[in-house]
Enquirer: 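Sharing a structure below in C-alpha cells format, with a few things to ask.
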Amino acid sequence: MKFVTEPSIAVKIARMKQRVRWQESAIKERAIDQTQLVVDDPQSNSQDFSFLVIGDSGCGEHHGHSPQRKVAQMMLEHGHEADFVIHTGDVVYQVGSKEFYYQNFIAPYQELLVGGESPEQIAYDRMVFKLPIFPVPGNHDYYDLPLVYGILAKTTKPLRRVFGSYLDIDVGWHGSYEGQAYAKAFLDYLLDLEASHKLGEHLDRHYTAKFQDRRCLSYQPGKFTRLPNRYYSFRYGGIDFIALDSNTFDEPPPIPDTKEGRKIRRQLEARREKLETQKQKIWQSVAQLRRDSSEEDAERLDDYQGKLNQIEEMQRDIEKRLRKEKIATDHEQLSWLRDKLIASWQDETVRGRVIYLHHPPYVTEATKWNQGQTLEIRHHLRQVLDEVSQQLGKTPSERPLVDLVLSGHAHCLEHLYTEDTGRADSYVNWIVCGGSGHSLRRQRPQGAILQETREGKKLQVAQSLLFVGRNGHGSNKKKPYTCLQIKVGRGNPPKFIVQPLVVERSRHKWHKYQLDSFTV
C-alpha cells in the first residue's frame with residue numbers, strides 16, 4: 001500500500017470547480033471573472049514596491065527546532081518593507097491535512113494573521129491576513145492518506161512508532177480530501193453557500209472590484225483575504241502576477257510501446273526497485289536510533305526523514321512515467337495563461353509579468369532536474385509561450401515574454417537563466433524558492449549547466465547562477481533555509497532586485513545571513 005495517494009488531474013479539476021461553483025448562473029449573470037483578483041491597497045498603484053517569496057515551508061516543528069519558524073522570523077524583520085507574500089506551494093506537509101494547519105501554518109506565521117496574538121483560536125478556514133499572502137497549491141496540498149495509515153498514525157503510540165520508527169511525520173486521521181483543506185483555507189469557498197440567495201448576497205458583497213469591464217473579487221487585507229480560484233492573477237504596481245496550479249499539467253505522457261520505449265521502461269522499473277532497497281536500509285538504520293537519546297541522533301533522524309521523503313518523491317515520479325494510460329491535461333488553464341499573457345502585452349499600462357507556480361520548469365536540484373514532471377511542466381509552458389510569441393509577433397530576443405518565473409517543489413533556492421533554447425522561453429530568469437522549511441536537498445553532481453538533446457546533439461539551454469541547498473557532510477553539514485525579498489523599481493521594463501535571506505543550521509546552532517543581491 002502506498003503511504004500517500006494523489007487524485008487524478010481530472011478529479012483535481014472537477015473538485016476545485018465545484019468548490020468555487022465555477023461559472024454557475026449567478027456568477028455568469030454578474031459578469032464575474034473568477035480568475036482575477038484586485039488588491040484593495042493604496043500602494044498597489046505605486047511602481048516602487050517589494051514582496052517576499054517562500055515555498056515548501058509547511059513542516060511545523062521537528063526534533064526540537066522549527067526551520068519554518070526561523071524563516072518566518074526572518075520574514076518579519078523585512079515585513080515592514082514588503083507589500084505582500086508569494087507562496088510557491090506545499091503549504092502543509094505531509095498530506096495537506098486541516099489538522100496540521102495550526103502547527104504547520106498558522107502558528108509559524110501568526111504575526112501576519114488577524115488575531116495572531118491568540119493563534120490557537122484561529123480556524124484554518126477562517127484565516128484573514130494582515131499582510132497579503134498569495135499562494136499556489138503544491139503537490140502535498142493535494143495528497144491524501146489511506147485510512148489504515150491514518151488509524152495507525154493516530155490511535156496508538158506504539159503502533160505509530162512501529163510505523164513511523166521514531167520519525168516525526170505530520171500525519172493524523174486525514175489527508176487533504178483531494179485539495180479541500182487548501183481550498184477552504186485560501187479560496188473563496190462558495191460551495192458552503194448552498195442557498196442561491198446567500199450566494200447572490202455574498203457575490204454582491206465581495207465581488208465589487210472592476211477589471212477590464214468584468215467584476216471580480218476584492219482582496220482586502222485585514223478584512224477579507226480570499227482567492228477566486230486555484231489559478232488566478234492580480235496587478236500590482238503595473239506588474240501582472242499570474243499564479244498557476246501546475247498540479248494539473250505535470251503528468252508525463254505514457255512511454256511509447258517501441259523498442260526504445262521498452263528499454264526506458266525496464267530502466268525505470270530497475271530504478272524503482274533500487275530506490276525501494278535504499279528505503280528499507282534507511283528504515284533499518286532509523287530503528288537503531290532513539291529520538292531522545294542525543295542531539296546527534298535527532299539530527300540523524302532529521303536526515304533520514306529527508307532521505308525517505310526524497311526517495312518516495314522519486315518513486316512517485318517513476319510511477320507516473322510508467323503509467324500506460326493517457327492522462328488528462330488542464331488545457332483550459334493553459335489556454336487561460338496564453339490569453340492572459342497576450343492581453344497583458346496588449347495593455348500599455350502593464351510594465352512587466354511574473355508567473356509563479358509550484359513545479360519548476362528548470363532546476364538543478366539532484367532529485368528534480370530530470371523528473372518526468374519537471375520536463376512536462378517545461379514542455380507545456382514552452383508551448384504556451386510559443387503561442388503567445390506567434391500571436392504577438394514578438395521574439396524573446398527583443399524582450400523576454402515573462403520577466404520572472406518563480407517556483408518551489410525543489411527544496412533549495414536557485415536562480416537559473418535560459419539562453420537561446422530555440423523556443424519562446426529563451427532569456428528568462430527562473431527562481432526556485434522551495435527551501436523555506438522542509439528537508440533541504442543538494443545540487444546534482446552533474447553541475448550547473450542544463451542541456452537537451454535535439455536531433456542527436458547536445459544543446460545548452462540553461463545555466464544555474466546560484467544554488468543554495470544542503471551541503472557539507474558529517475560535522476560540517478549545513479542546512480541553509482531560505483526566502484526572498486524582491487524589490488521592484490520604476491520604469492519599463494522594470495528591474496527586480498532579488499535579495500536572498502538565509503538562516504542556516506550547522507553544528508546544532510542557527511546562523512542568519514544575507515547573500516549578495518542580484519538584479520534581473
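Fair warning: this is a prediction, and the values are worked out from it, not measured in the lab.
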Enquirer: Is the shortest distance from a Lys or Arg side-chain nitrogen in Glu6 or Lys320 to a carboxylate oxygen in the other one below 4.0 Å?
Expert: yes
Enquirer: Strictly by modelled atom types, are Asp317 and Gln373 linked by a side-chain donor-acceptor pair under 3.5 Å?
Expert: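 Yes, side-chain donor-acceptor contact under 3.5 Å.
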Enquirer: Regarding His415 and Ser464, is there a side-chain donor-to-acceptor distance under 3.5 Å anywhere?
Expert: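 His415 vs Ser464: no donor-acceptor pair found between side chains.
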Enquirer: Using ring centroids (six-membered ring only for Trp), state whether Tyr177 and Tyr182 fall under 6.0 Å.
Expert: no
Enquirer: Under 4.0 Å between a Lys/Arg side-chain N and an Asp/Glu carboxylate O for Glu111 and Arg69?
Expert: yes
Enquirer: Taking NZ, NE, NH1 and NH2 as the nitrogens, is one of them in Arg382 or Glu376 under 4.0 Å from a carboxylate oxygen of the other?
Expert: no
Enquirer: Whether Lys98 engages the ring of Tyr124 as a cation-pi pair (distance to the six-membered ring centre under 6.0 angstrom, angle to the ring normal within 45°) should be assessed.
Expert: no
Enquirer: Please confirm whether the ring centroid of Phe134 lies under 6.0 Å from the ring centroid of Tyr219.
Expert: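 Judged by ring-centre distance (under 6.0 Å), Phe134 and Tyr219 do meet the cut-off.
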Enquirer: Hey, are Glu276 and Lys279 close enough for a salt bridge, meaning a charged N less than 4.0 Å from a carboxylate O?
Expert: yes
Enquirer: Establish, yes or no, whether a centroid distance under 6.0 Å links the rings of Tyr93 and Phe100.
Expert: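 So the answer is no for these two rings.
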Enquirer: Ring of Phe49, cation from Lys487 - is the NZ or CZ under 6.0 Å from the centre and inside 45° of the axis?
Expert: no
Enquirer: Can you tell whether the side chains of Arg226 and Asp188 come within less than 4.0 Å, N to carboxylate O?
Expert: no
Enquirer: Are there over 12 heavy-atom neighbours, none belonging to Lys477, within less than 6.0 Å of that residue's NZ?
Expert: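 Enclosed: over 12 neighbouring heavy atoms sit under 6.0 Å from NZ of Lys477.
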Enquirer: Using ring centroids (six-membered ring only for Trp), state whether Tyr236 and Phe84 fall under 6.0 Å.
Expert: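 Centroid separation for Phe84 and Tyr236: below 6.0 Å.
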Enquirer: Is the Tyr231 to Phe249 ring centre distance short of 6.0 Å?
Expert: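 Aromatic pair excluded; centres sit 6.0 Å or further apart.
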